[in-house]
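Atoms within a ligand are numbered from 1 in the order they appear, just like the ligands themselves. On a predicted model such as this, the values are computed, not experimentally measured, just so you know.
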Amino acid sequence: MAFHRRTKKIIARTPGELDAMQAAGEIVGAALKAVRAAAAPGVTTLELDRVAEDTIRQAGAYPTFKGYEGFPASICASVNEVIVHGIPTADVVLCDGDLVSIDCGATLDGWVGDSAWSFGVGELTPEANALNKATEWVLHEGMKAMIPGNRLTDVSAALEQATYRAEEKFGVDLYIVDGYGGHGIGHEMHEEPYLSNEGKAGRGPLIQERSVLAIEPMLTLGTEDNAVLEDDWTVVTLDGSLASHWEHTVAATAHGPRILTRR
Ligand code: MG
Ligand code: MG
């Protein structure tokens with residue numbers, strides 16, 4: 001989803017609004033943990049969706065994804081070569097060695113939290129494990145640029161540079177998925193601005209004290225090229241290589257980045 005309207009600053013939330021966003025975000029964290037605990041060989045991604053939806057609703061929140069632009073489920077469940085936006089279904093049965101990415105959102109009192117993580121079902125191959133560890137690390141390195149006074153693309157550049165460093169650190173070739181990235185977030189899941197996962201530093205709107213972004217690197221082992229399947233949702237790597245996706249909703253504060261979707 002693209003956001004091209006120019007704004008000079010990324011909206012600064014009040015301290016109370018950040019607390020409200022964190023309350024929504026922590027429900028997402030709980031749902032992601034419950035999904036991971038339920039994931040095992042033989043379990044379908046539709047069953048994982050039920051686990052997430054139950055967790056969110058029992059906490060008094062609404063699963064943001066459900067009905068979003070017609071999306072039919074509470075999570076995106078993206079297995080192996082699926083990068084993002086996989087639709088949960090009884091047809092996808094998890095197998096030992098699968099790399100599963102779960103993306104989830106919750107709305108509580110009008111505020112949205114959005115977060116994703118990827119994990120192995122059973123044991124991953126060393127290469128898949130390196131990809132997944134690298135993507136998580138890139139998220140946390142990129143987050144460090146969520147500092148008041150930085151500009152939007154300082155985060156993009158931090159994510160890109162971290163990806164290059166991760167290739168050394170984790171011993172794998174990594175590719176940054178083209179055309180997808182993070183976003184502003186608040187009352188709506190996708191607000192301005194769009195946040196690229198690569199690019200030159202020092203451009204775009206200013207990050208203020210208590211500005212919030214969803215930061216979400218998506219990396220693959222083989223290609224940046226991708227395609228959307230005929231269901232109009234599922235995004236896959238063009239070469240069938242594995243993909244990993246990690247996301248947190250993060251506020252910039254004078255004391256450093258504050259993760260609003262802690263697990
Ligand atoms: Mg997400
Ligand atoms: Mg997001």
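Protein atoms of type N, O or S found under 2.8 Å from the Mg ion (ligand 1) total 4.
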Listed pairs under 3.5 Å, donor-acceptor, residues 99-110 side chains, sequence neighbours left out:
| residue | atom | partner | partner atom | Å |
| --- | --- | --- | --- | --- |
| Ser101 | OG | Ser118 | OG | 2.6 |
| Thr107 | OG1 | Thr64 | OG1 | 2.8 |

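Ser241 has its side chain within reach of Thr223: a pair of non-hydrogen atoms, C-beta onward, lies under 4.5 Å apart.
Residues passing the ring pair (Phe, Tyr, Trp, His ring centres under 6.0 Å) test with Tyr175, sequence neighbours excluded: none.
The other members of the hydrophobic cluster of Val82, by chain and number, are Leu229, Val236 (side-chain heavy atoms under 4.5 Å, ILVMFWY only).
Minimum heavy-atom separation, Ile207 to Ala145: CD1-O, 4.0 Å. Taking every heavy atom of both residues into account, Leu174 and Leu131 meet most closely at CD2-CD1, 3.8 Å.
Because the distance cut-off is set at 2.8 Å, His190 fails to qualify as a neighbour of the Mg ion (ligand 2), as none of its N, O or S atoms comes that close.
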